[in-house]
Every structure is written in structure tokens, then in C-alpha cells.
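Scroll down for the structure; my scribbles are underneath it.
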Amino acid sequence: RALSYTIIEQAIKNSSEELQKYEALGHTPDELKQLEAVKKTWNDWITHLQELNRIHRQRDDVVSQHGQNNTVVIGEKYVAELDQKILSMTLDNRKLFKLSEEQLNKLIMNDRQESDRQVASSRHTGMVGMTAIIAVIVIGAIAMALIGRLVARSVSVPVNQLAYAAGEIANRNRNVTITYQAGNEL
């Protein structure tokens with residue numbers, strides 16, 4: 001029985017530590033409200049559980065002492081009273097535990113829904129970002145093609161006119177003029 005009490009106390013300690021870790025995380029206002037309700041019920045349950053363990057130990061001590069002193073008859077009534085109190089407290093404690101469990105499950109469900117909502121929002125944001133990047137790349141490619149065409153044209157037109165004039169001069173036509181006006185490409 002002593003090992004059972006130790007295991008219960010360790011489980012309470014571990015559970016309380018995990019609840020504190022959870023509490024330290026960021027929460028929405030609704031989650032904080034639910035968390036406060038869970039903590040209140042949880043603490044009530046732990047308080048009742050610790051009291052129940054105290055009475056169990058008291059009962060164990062009485063049974064142990066009466067067994068050693070051969071006074072079981074005198075202690076039987078007291079042990080029966082303790083057993084009745086243990087049963088009553090166990091039933092009450094079970095109700096508190098079930099309420100705590102329901103509140104905790106509701107909180108977990110809401111956390112999952114909030115997490116799913118945030119994941120969906122992140123996916124949407126990622127898709128919008130990806131679409132924007134693709135649009136910038138396409139617009140950039142079109143702009144580069146247009147700028148390239150303009151630059152090529154601004155260089156090729158004077159070069160073509162010079163080639164034409166050179167051909168005319170080669171054919172002995174010396175009255176050739178070039179009328180192209182541009183920046184300083186050539």
C-alpha cells in the first residue's frame with residue numbers, strides 16, 4: 001500500500017508540473033478561461049485525493065495497530081466508519097476527476113482546432129507568398145524580354161543602316177546618308 005501512495009503522489013506531482021508547462025504556453029483568451037476552470041477542478045480533485053489518501057493511511061494504521069493488539073473488535077466500528085468515509089470520498093472524487101477530464105478534453109479539442117486553424121492560415125499565407133513570387137518572376141521575365149528587345153532594336157537599327165550604307169558605297173553609290181538619331185550606341 002505504501003508503494004501505491006508513493007506512486008499516486010508522484011503522479012500528482014508529474015501531472016501538476018505538466019499542467020504548469022502547458023500554462024506557460026501562449027493561449028487565446030478563451031483557452032485561458034477554460035484553463036482556469038480546468039485548474040480549479042484539477043486542484044479540487046488533487047486536494048480531495050490527498051485527503052482520501054490520508055484517510056486510507058489512517059485506516060491502514062488502525063487496522064495494523066488493532067491487529068497487533070488483538071483489539072479488532074473495538075476497531076471494527078471505527079474501521080467501518082473509515083471505510084464508509086473512503087467510499088463516499090472516492091465517489092465524490094470520481095465526479096471531480098470526470099469533470100476535470102471533461103474540461104481538459106474540451107481544452108485539448110479547442111487547442112487542436114486553434115492549431116488546425118493556424119496551420120491552415122499558414123498554408124494560405126504560404127500559397128499567397130508563392131503566388132506573389134511566381135507573379136514577380138513572370139512579370140520580371142516579360143519585362144526583361146521587352147527591355148532586351150528595345151536594347152537590341154536600338155543597337156540593330158543603326159547597325160543595319162550602316163550595313164546598308166556600306167553596301168551602297170561598295171556599289172559605288174556615294175550619295176548615301178544615314179538619318180538615324182539615337183543615344184550613343186555606336
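Worth knowing before you read on, the calculation uses all heavy atoms, side chains too, and leaves out hydrogens, waters and symmetry mates.
Applying the side chain to side chain donor-acceptor pair (under 3.5 Å) rule to Ser100 yields no partners; only residues at least two apart in sequence or on another chain are considered.
With values rounded to the nearest 0.5 angstrom, Asn93 atom CG is found 13.0 Å from Lys98 atom NZ. Going from atom CD1 of Ile108 over to atom CD of Glu31 covers 11.5 Å, rounded to the nearest 0.5 Å. Atom CD of Glu168 and atom CG of Asn175 lie 10.0 Å apart (nearest 0.5 Å). Residue Lys39 holds its NZ atom at 5.5 Å from CG of Leu35, rounded to the nearest 0.5 Å. Taking CG of Leu49 as the reference point, atom CG of Asp92 lies at 13.0 Å (rounded to 0.5 Å). The CD atom of Gln103 sits 10.5 Å away from atom CG of Asn105, with the distance rounded to the nearest 0.5 Å.
Side-chain atoms of Ser115 never come within 3.5 Å of backbone atoms of Asp111 as a donor-acceptor pair (strictly under, hydrogens ignored).
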Run the side chain to side chain contact (heavy atoms under 4.5 Å, CB included) test on Glu23 and Glu36 for me, step by step, so that the C-alpha distance in whole Å, both residues' side-chain angles and the decisive distance to 0.1 Å come before the verdict. CA-CA 9 Å; Glu23 187 177 10; Glu36 288 305 314; 4.2 Å; yes

Give the C-alpha distance, both sets of side-chain angles, the deciding distance and a yes or no for ring-ring contact (aromatic ring centres under 6.0 Å, His included) between His48 and Phe97. CA-CA 10 Å; His48 282 86; Phe97 177 79; over 10 Å; no

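Residues Tyr22 and His27 come closest through the heavy atom pair O-NE2, 2.8 Å. Closest approach of Leu52 to Ile86, counting heavy atoms only: CD1-O, 3.7 Å. Heavy-atom minimum distance, Leu96 versus Thr41: O-CG2, 3.6 Å. For the residue pair Leu19 and Trp42, the shortest heavy atom distance occurs at CD2-CD1, 3.7 Å.
Using a 4.5 Å cut-off on side-chain heavy atoms (C-beta onward), Leu146 and Ile142 make contact. Taking the side chain as every heavy atom from C-beta outward, Val159 and Tyr164 never approach each other to under 4.5 Å. Looking only at side-chain heavy atoms (C-beta outward), Glu51 and Thr47 stay at 4.5 Å or farther from each other. In this structure, Met144 and Arg149 have side chains that are not in contact, with every pair of non-hydrogen atoms separated by 4.5 Å or more. At least one side-chain heavy atom of Asn173 sits less than 4.5 Å from a side-chain heavy atom of Val176.
Among pairs with a residue in residues 2-12, those fulfilling salt bridge (Lys or Arg N to Asp or Glu O under 4.0 Å) read Glu9-Arg57, at least two apart in sequence or across chains.
Salt bridge annotation for Glu114-Arg117: present, with a cationic side-chain nitrogen under 4.0 angstrom from a carboxylate oxygen.
Between the side chains of Asp83 and Tyr78, no donor-acceptor pair is found at a separation under 3.5 Å. Between the side chains of Asn14 and Glu18, no donor N or O sits under 3.5 Å from an acceptor N or O.
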